[in-house]
2 protein chains.
Amino acid sequence: MSFIPLPPGSSLGMATERSDAARNRERLLAAARELIDECGAEGLTMNQLAERAGVGKGTVFRRFGSRAGLMLNLLTESEADFQARFMFGPPPLGPGAPAAERLTAFGTERISYVLEFGDLLLAAEASPHHRLDVPAAVLAQRHLQMLLEAEGIQEETWLLAGALAATLDPERLLHAVRVHKVAPERLQGSWRQLVARLVRN
Amino acid sequence: MSFIPLPPGSSLGMATERSDAARNRERLLAAARELIDECGAEGLTMNQLAERAGVGKGTVFRRFGSRAGLMLNLLTESEADFQARFMFGPPPLGPGAPAAERLTAFGTERISYVLEFGDLLLAAEASPHHRLDVPAAVLAQRHLQMLLEAEGIQEETWLLAGALAATLDPERLLHAVRVHKVAPERLQGSWRQLVARLVRN
DNA sequence: ATAATAAACGGACCGGAGTCCGTTTACACA
DNA sequence: TGTGTAAACGGACTCCGGTCCGTTTATTAT
């Protein structure tokens with residue numbers, strides 16, 4: 001008799017998932033991409049998705065928690081990519097350039113990223129318990145904070161970084177581009193200006 | 001026979017509303033305030049509201065268009081108040097003070113306002129076709145733009161004003177205060193710093 | 001092979017926002 | 001006071017995200 005009933009997966013704590021679960025996740029992700037191709041991200045419904053993937057609705061929600069969770073999942077790859085670029089990639093976005101230039105690069109690159117994945121990002125933001133606590137957002141804000149500190153700013157760098165992050169909010173950027181027909185280059189220009197004015201000594 | 005069937009209200013184009021409609025609007029607004037007292041703004045449902053006001057659900061939606069529209073309506077008074085203060089009120093928020101000081105004052109006052117009406121503002125933001133085009137938001141952004149220009153900034157003042165407005169976004173401010181326990185005074189301090197760094201010559 | 005079990009499954013169900021359309025009513029005019 | 005009409009009304013209905021819980025199944029131990 002084992003007092004601690006060992007988890008059934010690997011011998012150390014079940015990091016694996018059951019094979020049917022894995023299969024269903026693949027199906028769901030594939031179906032989701034199909035549907036988004038066909039109807040756009042905002043047109044995807046969870047019922048549709050379940051049906052298309054040939055699974056029950058409960059399965060969809062167990063896997064992803066919510067609609068926003070699904071969208072987040074679809075974004076993980078590109079988000080990880082972006083993170084890797086600003087943390088380990090070549091300058092001026094990655095380490096090696098002066099902090100001010102990295103700040104500028106961060107914004108312009110982020111703007112491009114947001115415009116590329118717009119609908120998905122929008123759909124992912126409808127998170128029930130807070131889009132601002134999503135790991136990628138926290139990481140980005142800490143990165144901004146670090147760059148501000150590297151530029152010699154000392155007070156309230158966390159909040160200042162939050163202010164900068166707010167400027168890059170997908171909803172706002174997409175609103176400017178789609179409703180007000182602002183060219184992406186102008187957004188990037190105004191970011192450059194904002195950063196330049198903030199960090200000049 | 002009149003070729004142009006005159007609208008039934010006043011002789012010039014019916015700006016008035018039918019008496020039953022007016023009565024129902026009052027009932028609805030009163031009922032909404034009651035329910036918000038009892039359950040909070042996020043706890044109010046449109047069914048509840050209709051029932052409490054003794055009207056049909058269709059009436060609620062004809063009157064306010066959506067849940068967000070209702071919340072916006074409940075905010076009109078305080079929003080108008082705030083607008084009046086920054087447009088016509090005493091300095092430093094109103095005209096008479098240097099633009100830089102008015103900018104600072106705008107932010108600190110807005111932060112207080114947002115923290116006071118937090119839940120209502122949050123509920124009003126779930127607008128279907130864009131929280132950023134609500135008249136009050138447009139006006140505020142134009143005000144910020146004007147102040148930036150008065151400080152000698154010339155390029156992309158509209159976008160820069162948008163960036164500043166983003167900083168004052170209710171969701172972000174309330175998240176900082178409620179989740180991260182940031183004191184309102186710190187938020188105001190970081191706004192002051194942001195403005196000071198932006199407009200120093 | 002068999003049994004035990006925890007996890008995964010599926011789909012009926014729920015609550016809430018927003019729509020639709022047949023009915024009622026306030027108002028203007030006669 | 002009566003009548004025509006546009007507006008207002010109400011509530012059943014649709015659609016959707018999310019939950020619940022009884023059933024099935026992969027896995028592991030014997």
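Order of the sequence lines fixes the chain letters, A, B, ..., with proteins taken first and strands second; residue numbering starts at 1 for each chain.
- Across all strands, Leu44(B) comes closer than 4.0 Å only to sugar-phosphate atoms, never to a base (heavy-atom distances).
- Taking atom CG of residue Leu28(A) and atom P of nucleotide dA8(C), one finds them 13 Å apart after rounding to whole Å.
- We find that CD of Glu51(A) is positioned 14 Å from C1' of dC16(D), with the value rounded to whole Å.
- With hydrogens and angles disregarded, no donor-acceptor distance shorter than 3.5 Å links the side chain of Arg142(A) to the backbone of Leu139(A).
- Here the P atom of nucleotide dG17(D) and the CZ atom of Phe64(A) are 15 Å apart, to the nearest Å.
- Of the candidates Gln48(A), Arg52(A), Arg33(A), Glu38(A) forms a side chain to side chain donor-acceptor pair (under 3.5 Å) with just one, namely Arg52(A).
- Rounded to an integer number of Å, the gap from CE of Met46(B) to P of dG16(C) is 12 Å.
- Distance CD (Glu26(A)) to C1' (dA8(C)): 16 Å, rounded to an integer number of Å.
- Taking atom CZ of Arg62(A) as the reference point, atom P of dT19(D) lies 12 Å away to the nearest angstrom.
- Using bins of under 30°, 30° to 60° and over 60° for the plane-to-plane angle, the ring pair Phe106(A)/His143(A) lands in the tilted bin.
- Rounded to whole Å, the distance from CD on Gln48(A) to P on dC16(D) is 8 Å.
- The salt bridge (Lys or Arg N to Asp or Glu O under 4.0 Å) test applied to Asp81(B) returns no partner, not counting sequence neighbours.
- Side-chain nitrogen and oxygen atoms of Thr59(B) include none within less than 4.0 Å of the OP1 or OP2 phosphate oxygen of dA8(D).
- Here Arg63(B) lies in heavy-atom contact (under 4.0 Å) with sugar-phosphate atoms only.
- Interface remark: the Lys57(B) side chain does not form any donor-acceptor pair with the dA12(D) base, using a distance-only criterion of under 3.5 Å.
- Within the 4.0 angstrom heavy-atom criterion, no nucleotide atom of any strand lies near Arg25(B).
- The base of dA8(D) has none of its N or O atoms less than 3.5 Å from a complementary donor or acceptor on the side chain of Arg18(B).
- Rounded to a whole Å, the CG atom of Asn24(B) is 13 Å from the C1' atom of dT24(C).
- Phe82(A) carries Arg110(A) over the face of its six-membered ring, with the cationic atom under 6.0 Å from the centre and within 45° of the normal.
- Listed nucleotides dA26(C), dT19(C), dA26(D) differ in distance to Ser19(A); the shortest reach to its side chain belongs to dA26(D).
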